[in-house]
Amino acid sequence: MKYEEIFKQINSTKDKYKISNLIWELLKIEPDENYIQKLIELTYKQREIKTSAITILQKFNSPEKIEDFVISRIEIEKDKVICCNFIKILGLNGTVKSSNFLLDFYKITKSKDVKGTIIHTLETLYIRNRIDIQNTDKLTKIIGNSYPFFQGYWKELKKSKKNNTQNWKTVAIEQLSSNNLNLVFKYDSDIDFHLQIEKMNSNFIRYINLTAIFKKYKSSYSKYYTPQQFYLSENRLFDSLFDRTKEMRPDIFKDSIINLIEAELMPKLESKISQWKTLQTMPFEDFEKKQTSIINTLYDTNWDWVIAHQMTQSIDMFNDNPDKNLYIDFIKEKWSASDKENFQINDYLDEQKNSK
């Protein structure tokens, strides 16, 4: 169906649920800018209709028609869920004006959900070159690091112990003895490792995370699509590996944690890095022969959607590969098989085919 057909149906009913469902059908259709004003008008309707219309506006890329309207609505919106949805629209429809506004709004809002959405949106604006140097410095100060594409904001990288050498074990043991683990150290000239424990509370470990941060990674984007952050990682749910107890403090399990990192997390992550680097120049014919092994090493699954999503996020790895277009065709097939492709993904991948 097309925008015109769907809006004919919307105009023929007053049922808010039917209107909302009709709006959702627009999600996989390339935006028609002739309907921006109609969608804006729907954001003043009942909550069900408003939420749907706001979500569709997130798919447009027309700052001159949308940006000022969105900023004005964010300033007066009391519902934090609706506010977050409005903020997301600025990812594709924000300019430097939006980055200024969001950085100021971040300071005054008390909602963690709103702050998190602002960070997501600012990173999208950063990738799309819509944040000036002064505001880039402000953004990296909030996130706590200047790594491209890495959302250290979510992993408390700002609070990490920085270490320029690879003597991570000595520092890790010291931190674990104090019931903590949050450490960044150099792996090689291109990659830093972030080692961190995510806790449910002070006495209960949830995850152990080891992340490879690519310090020089740059990402492409298209009109309708901006890739999410790129990194490789190994993560373990702690209570799936050791006996469940009411108290699972890092200091109690420090020997087990160090052994887990040394014997499992580190080797597996290094294997992923090696495979990823090899894939950058690998002929597609060789990839086809070793596909199962390569995919299992990199993504730990054969689920089409995960493979398609992860390879799309790191499509720039093939920029110097003569078989880049063959890899893109492979990724598009995975998206099609997963039944989750849409105009944004197709637009991005098709554009990558034409860029070297």
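For clarity, every value in this text was computed on a predicted model and none was experimentally measured. Along the sequence shown, residues are numbered consecutively beginning with 1.
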*Just wondering, do Met1 and Glu25 contact through their side chains at under 4.5 Å, heavy atoms?*
yes

*Could you tell me which residues satisfy side chain to side chain donor-acceptor pair (under 3.5 Å) with Asn145, sequence neighbours excluded, listed by chain and number?*
none

Expected list for residues 301-308: side-chain donor-acceptor pairs under 3.5 angstrom, two or more places apart:
unit_1	atom_1	unit_2	atom_2	d
Thr301	OG1	Trp303	N	3.1
Asp304	OD1	Lys334	NZ	3.0

*asked:* For a 4.5 angstrom cut-off between non-hydrogen side-chain atoms, does Val114 reach Tyr106?
replied: no

*Please write out which residues are connected to Ile133 in a hydrophobic cluster, directly or through intermediates, given that two of Ile, Leu, Val, Met, Phe, Trp, Tyr count as joined at side-chain heavy-atom separations below 4.5 angstrom.*
none

*Between Glu156 and Lys159, is the closest basic N to carboxylate O distance under 4.0 Å?*
yes

_With sequence neighbours excluded, residues passing side-chain contact (heavy atoms from CB on, under 4.5 Å) with Asp329_ = Lys353

_Among residues at least two apart in sequence or on other chains, which ones pass side chain to side chain donor-acceptor pair (under 3.5 Å) with Gln166?_
none

*Non-neighbouring partners of Phe193 that pass ring pair (Phe, Tyr, Trp, His ring centres under 6.0 Å), sequence neighbours left out*: Phe185, Tyr187

*asked:* According to salt bridge (charged side-chain N to carboxylate O under 4.0 Å, His left out), who are the partners of Lys158, at least two apart in sequence or on a separate chain?
replied: none

*Can you name the salt bridge (charged side-chain N to carboxylate O under 4.0 Å, His left out) partners of Glu262, sequence neighbours left out?*
Lys169

*For Phe343, what residues pass the ring pair (Phe, Tyr, Trp, His ring centres under 6.0 Å) criterion, not counting sequence neighbours?*
Tyr224

*Could you list the residues that satisfy side chain to side chain donor-acceptor pair (under 3.5 Å) with Lys80, not counting sequence neighbours?*
Asp113

*May I have the step-by-step check of side-chain contact (heavy atoms from CB on, under 4.5 Å) for Asn321 and Gln280, ending in yes or no?*
CA-CA 6 Å; Asn321 192 315; Gln280 290 177 295; over 6 Å; no

*With under 30° as parallel and over 60° as perpendicular, where do the rings of Phe214 and Phe230 fit, or are they tilted in between?*
tilted

*salt_bridge(Lys65, Glu33) N-O dist < 4.0 Å*: yes

*Pairs touching residues 213-223 that satisfy side-chain hydrogen bond (donor to acceptor under 3.5 Å, both in side chains), sequence neighbours left out*: Asn129-Tyr221, Asp190-Lys216, Asp192-Lys215, Ser220-Asp316, Ser220-Tyr348, Ser220-Gln352, Ser222-Asp347

*Could you tell me whether Asp188 and Lys277 have a side-chain N and a carboxylate O separated by less than 4.0 Å?*
yes

*Is Glu264 salt-bridged to Arg236, going by a charged N under 4.0 Å from an acidic O?*
yes

*Any donor and acceptor pair, going by atom type alone, linking the side chain of Asp79 with main-chain N or O of Ile82 inside 3.5 Å?*
yes

*Sequence neighbours excluded, which residues qualify as ring pair (Phe, Tyr, Trp, His ring centres under 6.0 Å) partners of Phe330?*
Phe287

*Determine whether the side chains of Asn259 and Asp255 contain a donor N or O and an acceptor N or O closer than 3.5 Å.*
no

*Verdict with reasoning, Ser271 to Thr297, per side chain to side chain donor-acceptor pair (under 3.5 Å)*: CA-CA 7 Å; Ser271 179; Thr297 297; 4.9 Å; no

